[in-house]
Amino acid sequence: MKYDFSAIEAKWQKKWEEAKVFEATDDFSKPKFYGLIEFPYPSGAGMHVGHIKAYSGLEVISRKRRMQGYNVLFPIGFDAFGLPTENYAIKTGVHPRKVTDDNIEHFTAQLKRVGFSFDWSKVIDTTDENYYKWTQWIFLKMFENGLVFRDTALVNYCPSCKVVLSNEDSQGGKCDICKSDIVQKSKDVWYLRITKYADKLLSGLETVDYLPNIKMQQVNWIGKSTGAFVNFELKGIDEKLRIYTTRPDTLFGVTFMVMAPEHPILEKHQDKISNYADLAAYKDECAKKTEFERTQLIKDKTGVRVEGISAVNPITGKEIPIYISDYVMMGYGTGAIMAVPAHDERDYDFAKKFGIDIVEVIKGGDISKEAYTGNGEMVNSDFLNGLTDIKSSIAKMVEKLEEKGVGEAGVQYKMKDWAFNRQRYWGEPIPIVHCEHCGMVSVPYEELPLRLPEVKNFEPGEGGESPLAKIDSYVNCKCPKCQRDAKRETDTMPQWAGSSWYFLRYIDPKNSEKLADPEKLKYWMPVDWYNGGMEHVTRHMIYSRFWHKFLYDMGLVPTEEPYAKRTAQGLILGPDGDKMSKSKGNVVDPNDTVDRYGADVLRVYILFMGDYASAAPWSESSVKGCKRFLERVADLPGMVKGSGSTDGLESLFHKTVKKVTTDIEELKFNTAIASLMTLLNEIEAKGSLTKDELLVFIRLLSPFAPHICEEIWESEGGEGMIALAEWPTYDEAKTVDATVEIAVQFNGKVRGTVVIAKDATKEAVFEQVHSDERFAPFLDGKTVIKEIYVPGKIVNIVVK
RNA sequence: GCGGGCGUGGCGGAAUUGGCAGACGCGCCAGACUUAGGAUCUGGUGUCAAUCGACGUGGGGGUUCAAGUCCCUUCGCCCGCACCA
């Protein structure tokens with residue numbers, strides 16, 4: 001058969017679309033499979049080979065599951081709000097709507113050319129008002145339930161771009177866009193109280209099947225620690241200094257206190273602090289330090305002694321000095337610590353630099369040289385002396401603190417509340433009205449979606465305001481509660497918003513009454529398998545798990561967790577082995593490969609190139625190898641002879657069915673394809689195969705190379721389309737050969753092989769070995785010390 | 001610094017979990033064919049020795065009849081978190 005891939009691929013893509021073969025049905029009687037890939041941001045650059053790899057994994061699994069009789073939902077959509085589109089609009093004056101529509105059209109054409117089996121009837125676009133209506137709706141539900149609040153925060157601000165930047169966009173203290181210096185600016189910020197769900201987000205991980213490193217990253221991100229809060233009296237002012245510690249057992253070793261430079265107590269009691277000017281100067285200096293500088297100077301401790309006030313150890317009654325230092329941060333714990341230099345490296349460095357006492361309370365190290373952070377016997381600690389178990393020391397101290405009313409057990413999280421607004425145009429408008437009399441008021445549900453107004457230019461306003469703030473007709477409105485004049489919120493939601501619940505909307509994308517029909521949700525949720533990049537396993541996944549858990553608590557979704565299983569693919573590197581990037585000029589365009597070799601070759605190559613979860617460099621010549629493979633497959637129909645099974649191939653066919661079936665489920669696509677190549681080699685060596693065998697072969701190959709397999713299926717008179725043909729099954733008994741060739745070792749060295757019956761007894765095997773003259777030289781004149789036979793695997797004879 | 005992962009031919013990578021290391025593909029070598037192609041086909045291809053064989057999974061040591069796989073030690077890469085009290 002001539003392998004005219006472009007004609008074949010265009011033909012079948014059209015047929016699939018016409019026959020709607022990939023549309024999920026709401027037939028709740030069938031077993032379901034919901035496979036989810038991370039929907040793309042439709043950038044102007046078009047698709048990348050990395051997109052193809054990211055989607056190919058679940059593409060193959062979805063195609064296989066369909067053939068196995070599942071009702072498969074494998075949807076696609078576009079996460080289309082975001083900065084690049086907006087920046088492009090600012091530069092060119094083209095409306096973001098138009099840019100987005102063009103890019104989506106381009107992406108859609110590319111995705112269809114690769115032959116992905118997405119359900120295009122359920123495509124979603126986060127910037128569609130019928131979608132973001134529900135994003136706003138969920139936000140209002142959170143607002144009503146106390147999960148939304150407003151606070152001032154220091155933000156990274158670029159005075160040149162007039163834009164507030166995320167930490168990622170301001171690395172090294174320079175603006176990512178214009179490279180000018182970032183300044184810290186105080187701003188009103190919307191927050192989502194994700195920390196309220198910290199414990200649920202942590203415990204929920206025990207119920208899901210994520211790759212271990214993915215779970216680990218999430219646990220790390222949530223960062224739960226247990227310890228105690230302790231209140232220290234302050235001498236000189238009527239105020240207590242509250243600290244958090246994970247090691248209350250070391251309280252007898254506290255020789256100083258450290259507060260974050262921005263700690264509010266300092267400013268509040270500045271009249272009692274004799275060197276307040278010094279503290280203020282230090283604080284300013286720290287504010288100027290960028291994230292970069294702070295981490296670079298990690299070992300070099302700086303700080304200032306607070307004069308005029310001191311702290312009192314609540315257990316010993318001893319008076320101890322207070323310092324401020326930027327190694328203590330306002331954003332974690334209480335913004336103040338008790339310092340135990342003998343047993344904490346940071347406190348040790350600080351104490352050495354400032355000449356503060358170091359008191360050992362745990363034996364085992366040499367505190368004249370370094371801090372000792374290990375276990376040991378408690379000393380210099382009154383009622384704790386002699387204890388060796390940290391847990392019981394902590395318990396005893398906490399008990400004492402609670403008894404005296406100066407502290408209590410507590411937990412802390414690294415995870416912070418989610419800053420949920422951007423001063424940008426191309427995002428979901430936050431549906432809140434600010435009223436002088438009523439405060440913050442929800443936009444009524446019946447007024448959703450709150451649409452983005454038309455604006456003439458998308459540049460941010462002075463001081464980093466949203467472009468929406470310049471539109472009087474948008475800003476000025478009536479308070480929904482009291483009907484008096486009010487102002488509309490002009491910030492929009494961050495890009496993470498729309499992707500926090502999209503997997504729910506796919507289930508019922510056109511519903512105008514609800515975010516999705518509860519019956520459909522009950523059938524389709526949870527997502528059975530979610531695959532994507534490692535870069536999204538913390539933020540996106542945790543944010544979306546949080547939204548889902550909130551919706552579950554509202555009774556709006558049927559499962560506590562959105563994703564039952566999560567895996568991640570590895571990167572495709574450039575041919576030079578480096579990460580692909582425009583600046584390096586090593587980016588591979590999937591279109592080139594499709595043009596030259598066809599979509600089937602591209603698909604097979606991307607899954608054959610290596611372990612799916614690992615990074616692997618692109619190799620043009622290996623692509624050609626996959627082309628050769630499919631060309632040889634296209635020639636198989638010419639080799640068909642008879643029916644049933646070919647002598648000598650039956651067992652290999654059963655083995656291959658088994659291997660491909662199980663490998664696909666384990667994301668071992670490379671070895672699945674390799675086993676099909678091996679089978680093809682054997683078929684060619686035999687010179688023929690039966691029609692039944694051909695039909696098995698192409699069904700196994702069809703998830704990887706669907707177009708050519710449909711073509712052969714049709715030419716061989718297969719029933720219907722191969723996309724919905726029955727997945728081949730295997731007979732376990734037939735995967736085992738009647739005879740096996742096993743290695744014969746003498747003293748652990750292989751000296752030859754013998755062919756034996758698969759169920760031969762140990763005695764029979766050794767009789768055969770001993771009577772085989774090839775092995776005589778290794779036995780003559782030697783004493784057999786031990787004979788080992790591992791059934792079906794190996795013989796080892798130890799001789800002397 | 002802490003946490004996780006990895007290290008196998010010239011290259012991408014296999015290895016049923018302790019049982020013939022290098023499947024499959026690329027590349028390379030030799031040959032065939034030719035309608036001279038971004039071909040195709042056949043054979044070979046871990047290293048050294050070229051006869052038996054010896055050595056080989058970053059290095060060193062160990063357990064075992066048997067180690068890429070398990071243990072100890074050491075070196076080198078990659079990823080994540082990073083002054084989290």
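Residue numbers start from 1 in every chain, and the chains themselves are labelled A, B, ... in the order their sequence lines are given, proteins ahead of strands.
Not less than 6.0 angstrom separates the ring centroid of A:Y605 from the ring centroid of A:Y597.
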request  = Given side-chain contact (heavy atoms from CB on, under 4.5 Å), test A:K224 with A:M415 step by step and report yes or no.
outcome  = CA-CA 8 Å; A:K224 183 176 181 170; A:M415 186 169 70; over 6 Å; no

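Note on A:K668: only backbone sugar-phosphate atoms sit closer than 4.0 angstrom, heavy atoms only; bases stay farther off.
Contact between the side-chain N/O atoms of A:N220 and the OP1/OP2 oxygens of B:G4 is not found at any separation under 4.0 Å. Taking side-chain N and O atoms only, A:N670 has no distance below 4.0 Å to OP1 or OP2 of B:C24. An OP1 or OP2 oxygen of B:C26 is reached within less than 4.0 angstrom by a side-chain nitrogen or oxygen of A:R628. For the pair A:Y244 and B:A85, the criterion of a side-chain N or O lying under 4.0 Å from OP1 or OP2 is not met.
Under the side-chain contact (heavy atoms from CB on, under 4.5 Å) rule, A:I315 has a single partner from A:V254, A:L251, A:L384, which is A:L251.
In a base pair of the Watson-Crick type (N1 to N3 plus N6-O4 or O6-N4) or a G-U wobble (N1-O2 and O6-N3), with each distance short of 3.5 Å, B:A50 is matched with no nucleotide.
On a pure distance criterion of 3.5 Å, a polar donor-acceptor pair joins the side chain of A:K301 and the base of B:C83.
Comparing the same atom, P, in B:U57 and in B:C70 gives a spacing of 15 Å after rounding to whole Å. A distance of about 28 Å separates the C1' atoms of B:C71 and B:G46, rounded to the whole Å. Using atom C1' as the reference point in both B:A39 and B:U34, the two lie 10 Å apart (nearest Å). Nucleotides B:G25 and B:G59 have their C1' atoms positioned 31 Å apart, rounded to a whole Å. On the C1' atoms, B:G9 is 10 Å away from B:G56, given to the nearest whole Å.
Put simply, CE on A:M216 is 14 Å from P on B:C79, counting in whole angstrom units.
Judged by the 6.0 Å distance and 45° axis criteria, A:K762 is not positioned over the aromatic ring of A:Y789.
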